[in-house]
Asker: 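Dropping the structure in here first, questions after.
This one's a predicted model, so the numbers in the text were calculated from it and none came from an experiment. Quick note on labels: first sequence line is chain A, next is B, and so on, each numbered from 1.
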Amino acid sequence: MTYFSAVITLTYFMDYSKTVNLPKTDFPMRANLVQREPEMLKSWESENIFRKMSELHAGGPRFTLHDGPPYANGHIHLGTAFNKILKDIAVRSQMREGKQALFRPGWDCHGMPIEHQVMQKSGRKKAEVDPVSFRKEAAEYAKKFVEIQKKEFQRLGVYGEWNNPYLTLLPEYEAQEVRIFADLSLAGYIYRGKRPIYWCTHCETALAEAEIEYKDLSTDSIYTLFPLAGDPQKLLSGAENTFFLVWTTTPWTLPANVALLVHPELNYSLVEFEGRNIILAENLIPVVFSKVGKKATLRQTNIKGKELTTLLAKHPFLERNVPVIPANFVSAEDGSGIVHSAPGHGEEDFLVGKEHNLPVLSPVNETGRFTADVPEWQGISVWDANPLIVQKLRDNNCLLFSEEISHSYPTCWRCKNPVIFRATEQWFLNVDHQDLRRRMIKATEEIKFFPPESQHRMEGMLETRPDWCLSRQRHWGIPVPILFCRDCKKPLMEERKVFERIAEVFSREGSDSWFKKEANDFVPKDVSCACGSNRFEKEKDILDVWFDSGVSWAGVLEGAGSCPADLYLEGSDQHRGWFQTSLITSMATREKAPFRQVLTHGFMVDESGRKMSKSLGNVISSEEVLKEFGADIVRLWAAGQDYGSDIKTSLHGFKVVAEQYRTIRNTLRFILGNISDFNPEEDAIKKENLLPVDRWALAEVSRFQAEAFSGYQNFSFYRVAGQIYDFCNLTLSAFYLDILKDRLYTYSKNSPERRSGQTALYHIGELLIDLLAPILVFTAEEAWRYLPRRKSDPESIHLRGHENFQEFKDETLTVAFNEFFGLRKEILKTIEDVRAQGEIGSSLEAKVDVKVNPELLLKLAPLLLEKYLKELLIVSEAEISANPKSSEPEIIVNRTNLPKCPRCWVHHNEIGRSSAYPDLCPKCADAVSSLQNVM
RNA sequence: GGGCUCAUAGCUCAGUUGGCAGAGCACUGUGCUGAUAACGCAGGGGUGGAAGGUUCGAAUCCUUCUGAGCCCA
């Protein structure tokens, strides 16, 4: 008996397994991206695909994404890769919408990091360097990394004009930068002024705001006493022996002190302590004297800060009387509520000082040592002077007490040493000239920000940003294009001819010419100084590297007729950086913003949400993941991130993405395998003749497409990626493809049922490849090569626009199927129970009886369940009927008693109807006989 | 210290206007062996960062705190 049945089964299996239409495709299951992607890149190159892409919609509406230039130093990291991939997806998705989308990548080539590297390599110091040969080395260094990074971006599949990138060191770019500087200068935005700026005493240079890192450092926190020098309005009851309690964390700035600052609305008090009267903020009395450890006696209260401004104070160790001035930034939480002010050594102090016409003292030289203006400590560095000054205060009996506190302190981003504020002569851009600041804030209201909160952030930063210090005392950059009169020292700032000459020379010979030529080479013969002299000398400072990139709209977009750009897309740090510098230069010279839309993304952080940094050792390199997973995985990862907040990144995360990729790839493979014998031009079934479930599948296609389109339009790539994955996983794998298998495999090749399913599958395949194309640029192309083609189809998916599937929309079917899925879940649960009891294994062994209330049955009518229910449930017998009494569906599942068709494995009541194939069900008999007719 | 943002299952995240906490992955069980280095089904898993408050009712609104990120001081 056992022997007999085994032989029979084996016989049937051998026979019929060859008659079913199993999936057939050479599209490999294993992606092998690391090897296959470089081959694909070569084939794109040999077929000029990128060039054809750029020509695809020539003359049509344009989409310009302007590349924020990465810094040409080192290899790209995951953050750089992420940024460029987002840009690429934006560009490609717009291109697929029918726009002419060009992307010209750029690099930022000047600036400190490169200068620092080159300087270190040669072991030289700034003063010892010959600018011309040094700049040559720096340029080579930058170009080397441009090439390295270019290859790395290309390997990621990023589309762009790689043969024509913009570099901030190209002569034409430099010339354009001079022209913008000229426009700014002629319009009155540029001024030379003494002003406290961040100064690194180690690197001996001014630093931009962007070049500052804050670190926790321990510093002196001292409470010093400034004697009262005058009380003309007799505000204080006993003015004898009275002192201001003044708090500072930078004792070395006391020699530059010119005022005391109080908060105008804060309440101050007079206390008696060890025979002296002391003024300080009322609410800080307990804190201060608990630190001193002794009690003070309250003498007078409720003195408003603004009343104190009538008083005069005496400097604790210099022969100088200083005024008391109101300032809103004085804190009532720390110190004493009275701070000392040195406009030469602090930004806020400077602004208050400017308002009250205070002198700007800065008796510190470029190495951070006191000048002759401070004879007592001349030649001593400010860091070494701190304890000496504290001692001096103590000697003068002017120190209440001192302590050490830890607080965040600005340090130099290169050398990591603490920096100081020091007033020097610098070139500035006045951000309030001609109401620029207001105009910029207004302009941001017209710009679309992604995410929208980003606009507030930008606005807030514009409100408070100080004038832009444009000059740097370095070698590697574009020179400040200013000439001075050798005789009267006046700068030549209003002669357009001079700027034009400089720009013209730069465009031919590059900005190196500034260092090679004489000043007079840049001055036309007919130009002379107002004083009559025509002997000139060159400015020695160079421009801030942020000015380089800040004029890229002029250097890149204007010439191409693409300004303003449609999109700037950068990390959120660029609110203060590139977005703002670009906005400033453009609003000042062109009266308009250089971008219509701005997208910002978060930063890479590790699994526990901490910033990736070399010192923490939690950095994941782009190369590492690329080598292990391939570019499409990195791209799918990038697409899948909600860039609005920070991006948590781990190797495990990439493995999860790789799994998602496999799901998508397998889905594609299944589709391709099942339509390998389908010719869309001959075999497609008309919409009205499709089976209900196939029409529903296409309705889903139209719905999914509309959603994905809107996702791409809003640059919500992570939504698109999620939708694609859910579509593959939930709509297709878990339902549609599963129920389709019986039809695809067992119906005869050319049957309407099978062709109906294939028609839907073909469109699903088209759509998937289409929607994947901007993200999985390699895999989409690979799949495209295996998809049956129409005659009109191009050789590359990247040259094909969208197929529109909106005609397949079918609200009735969609609603009906949603009802069905609720019911199906219940039925599947019941089948699982029966399976758990050991009654059935395969669901094809099940017989399902369902009773539902008539309303539900009516809703399900479009599905034609009386005919298709068993197919939709993948069971052999299924009946559904109405029962007015049942509010919940009644589901009964049993094992079927019908015999099994050995070909399609469905249990069937009509087996043997065909005399030629007595063991088969009618459908299978038909299929096999038609097969033999063909043979 | 200030501005903006984030915190929901082991992981990645949904959750529209306050109304029964949801997906995928992972895990466990299981089916199939005609997507097979695949695919299906089911299940367990949560003090919603913490503490208060408003409300009949809070993941959602308010306050404070904690941790994290960007920017600024």
Asker: L730(A) has a side chain; which of rG24(B), rC39(B), rG34(B) sits nearest to it?
Answerer: rG24(B)
Asker: Is R465(A) close enough to rG3(B) that one of its side-chain N or O atoms is under 4.0 Å from OP1 or OP2 there?
Answerer: no
Asker: What's the closest nucleotide to the N729(A) side chain, out of rG34(B), rC39(B), rG40(B)?
Answerer: rG40(B)
Asker: Evaluate E839(A) against R895(A) for salt bridge (Lys or Arg N to Asp or Glu O under 4.0 Å), listing each step before the verdict.
Answerer: CA-CA 6 Å; E839(A) 278 197 51; R895(A) 189 186 168 88; over 6 Å; no
Asker: Taking the ring of W637(A) and the ring of F82(A), is the distance between their centroids below 6.0 Å?
Answerer: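 Ring-ring flag for F82(A)/W637(A): true, centres closer than 6.0 Å.
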Asker: With C1' as the reference atom in both, quote the distance from rC70(B) to rU28(B) in angstrom, rounded to an integer.
Answerer: 42 Å
Asker: Side chain of Y745(A) only, heavy atoms from C-beta on: which candidate in rC41(B), rG34(B), rC39(B) is closest?
Answerer: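 Ranking rC41(B), rG34(B), rC39(B) by closest atom to the Y745(A) side chain puts rG34(B) first.
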Asker: With a 3.5 Å limit on both atom pairs, tell me what rG45(B) is paired to, counting Watson-Crick and G-U wobble, or say none.
Answerer: none
Asker: Tell which nucleotide pairs with rA50(B), taking only Watson-Crick or G-U wobble pairs whose two distances are both under 3.5 angstrom.
Answerer: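 Across any shown strand, rA50(B) pairs with rU64(B).
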Asker: I need the CD-C1' distance between Q837(A) and rA42(B), as an integer number of Å.
Answerer: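 Roughly 14 Å, once rounded to whole Å.
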Asker: Which is true for S454(A) with a 4.0 Å heavy-atom rule: it touches a base, it touches only sugar-phosphate, or it touches nothing?
Answerer: nothing
Asker: At 4.0 Å (heavy atoms only), tell me whether R665(A) reaches a base, stays on the sugar-phosphate, or touches nothing.
Answerer: nothing
Asker: What does rG22(B) pair with, Watson-Crick or G-U, if both distances are under 3.5 Å?
Answerer: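 Matched rG22(B) with rC13(B) under the 3.5 Å cut-off.
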Asker: Do the rings of W247(A) and Y223(A) sit parallel, tilted or perpendicular, given the 30° and 60° boundaries?
Answerer: tilted
Asker: Between Y643(A) and rC70(B), does any side-chain N or O lie under 4.0 Å from OP1 or OP2?
Answerer: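 False: Y643(A) side-chain N/O out of range (4.0 Å or more) of rC70(B) OP1/OP2.
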Asker: Which comes earlier along RNA chain B counting from the 5' end, the contact point of Y725(A) or that of D642(A), where each point is its nearest nucleotide?
Answerer: D642(A)
Asker: Indicate whether OP1 or OP2 belonging to rC39(B) is found under 4.0 Å from a side-chain N or O atom of K741(A).
Answerer: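 No, because none of the side-chain N or O atoms of K741(A) sits under 4.0 Å from OP1 or OP2 of rC39(B).
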Asker: Using the six-membered base ring of rG40(B), report whether F735(A) stacks on it, requiring centroids under 5.5 Å and planes under 30° apart.
Answerer: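 Here the ring of F735(A) and the base of rG40(B) are not stacked, as the 5.5 Å and 30° limits are not both satisfied.
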Asker: Is a side-chain N or O of E570(A) found less than 3.5 angstrom from the main chain of G68(A), in a donor-acceptor match?
Answerer: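 Yes; judged by distance alone, with no hydrogens or angles, the pair exists.
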Asker: Rounded to the Å, how far apart are I831(A) CD1 and rA42(B) C1'?
Answerer: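 The answer, rounded to whole Å, is 12 Å.
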Asker: Within the structure shown, what part of the strands sits under 4.0 Å from G841(A) by heavy-atom distance: base, sugar-phosphate, or nothing?
Answerer: sugar-phosphate
Asker: With rounding to whole Å, what would you report as the distance between rC20(B) and rU63(B) at their P atoms?
Answerer: 25 Å
Asker: Which whole-number value in Å describes the distance from L22(A) CG to rC39(B) C1'?
Answerer: 14 Å
Asker: Counting distance only, does the side-chain N/O of W199(A) pair as donor-acceptor with the main-chain N or O of V419(A) below 3.5 Å?
Answerer: no
Asker: Could you tell me whether the side chains of Q723(A) and D726(A) share a donor-acceptor contact shorter than 3.5 Å?
Answerer: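 No.
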Asker: Distance check, C1' atoms only: rG22(B) and rA14(B), in whole angstrom units.
Answerer: 7 Å
Asker: Given rA35(B), rU36(B), rG40(B), identify the nucleotide with an atom nearest to the side chain of R669(A).
Answerer: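 Selected nucleotide (nearest to the side chain): rU36(B).
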Asker: May I ask you to verify if any side-chain N or O of R662(A) is less than 4.0 angstrom from the OP1 or OP2 atom of rA38(B)?
Answerer: yes
Asker: Which nucleotide in the list rA38(B), rA42(B), rG34(B) gets nearest to the side chain of E832(A)?
Answerer: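 Of the candidates, rA42(B) comes closest.
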Asker: Give a yes/no answer on whether the side chain of S572(A) brings an N or O atom under 4.0 Å of OP1 or OP2 in rC4(B).
Answerer: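 For rC4(B), neither OP1 nor OP2 has a side-chain N or O of S572(A) closer than 4.0 Å.
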Asker: Tell me: CG of N674(A) to C1' of rG34(B), nearest whole Å?
Answerer: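 Roughly 10 Å, once rounded to whole Å.
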Asker: Which nucleotide in the list rG40(B), rC25(B), rG43(B) gets nearest to the side chain of K829(A)?
Answerer: rG43(B)
Asker: With a cut-off of less than 4.0 Å, is there a side-chain N or O of Y16(A) near OP1 or OP2 of rG34(B)?
Answerer: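 Result: no.
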Asker: Taking CE from M604(A) and P from rC70(B), how many angstroms apart are they, rounded to a whole number?
Answerer: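 Going from M604(A) (CE) to rC70(B) (P), I get 12 Å.
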Asker: I'd like the C1' distance from rC56(B) over to rA51(B), given in whole Å.
Answerer: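 Straight-line distance between the two C1' atoms is 23 Å.
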Asker: Walk me through it: do D694(A) and Y736(A) pass the test side chain to side chain donor-acceptor pair (under 3.5 Å)?
Answerer: CA-CA 9 Å; D694(A) 297 333; Y736(A) 186 60; 2.5 Å; yes
Asker: Measure from the side-chain N and O atoms of Q574(A) to the backbone N and O of W578(A), and report whether any donor-acceptor pair falls under 3.5 Å.
Answerer: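 Confirmed, Q574(A) side chain pairs with W578(A) backbone.
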Asker: If the C1' atom of rA68(B) is compared with that of rA50(B), how far apart are they to the nearest Å?
Answerer: 15 Å
Asker: Quick one: on RNA chain B, does I840(A) or H456(A) contact a more 5' nucleotide (nearest heavy atom)?
Answerer: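 Residue closer to the 5' terminus by nearest nucleotide: H456(A).
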Asker: In whole angstrom, give me the gap between the C1' atoms of rG18(B) and rG57(B).
Answerer: 8 Å
Asker: Could you measure between the two C1' atoms, the one in rC11(B) and the one in rG46(B), and give it in whole Å?
Answerer: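 My reading of the C1' atoms in rC11(B) and rG46(B) gives 14 Å.
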Asker: Assign the ring pair F821(A) / F817(A) to parallel, tilted or perpendicular, where the plane angle (0 to 90°) is split at 30° and 60°.
Answerer: tilted
Asker: Please state the C1' separation for the pair rG44(B) and rC32(B) - nearest whole angstrom.
Answerer: 24 Å
Asker: State which of rA42(B), rA35(B), rG40(B) makes the closest approach to the side chain of D738(A).
Answerer: rG40(B)
Asker: Between atom CZ in R576(A) and atom C1' in rA73(B), what is the gap in whole Å?
Answerer: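 Distance, rounded to whole Å: 10 Å.
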Asker: Taking the side chain of F603(A) as its heavy atoms from C-beta onward, which of rC70(B), rC39(B), rG34(B) lies nearest to it?
Answerer: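 Looking only at side-chain atoms, F603(A) lies closest to rC70(B).
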Asker: Any strand is fair game: report the nucleotide pairing with rC70(B) by Watson-Crick or G-U wobble, both distances under 3.5 Å, or none.
Answerer: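 rG3(B) - that is the nucleotide pairing with rC70(B), both distances being under 3.5 Å.
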Asker: Measure from the side chain of D573(A), starting at C-beta and using heavy atoms only, and say which of rC71(B), rA38(B), rA26(B) lies closest.
Answerer: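 Within the option list, the nearest is rC71(B).
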Asker: Look at K825(A) and rA42(B) and indicate whether a side-chain polar atom (N or O) is within less than 4.0 Å of OP1 or OP2.
Answerer: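 Checking K825(A) against rA42(B): at least one side-chain N or O falls below 4.0 Å of OP1 or OP2.
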Asker: Round to a whole Å and report the spacing from CD1 of I724(A) to P of rC25(B).
Answerer: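 Those two atoms, CD1 and P, are 17 Å apart.
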Asker: Whole-Å distance between rG40(B) P and F670(A) CZ?
Answerer: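 It works out to 11 Å between those atoms.
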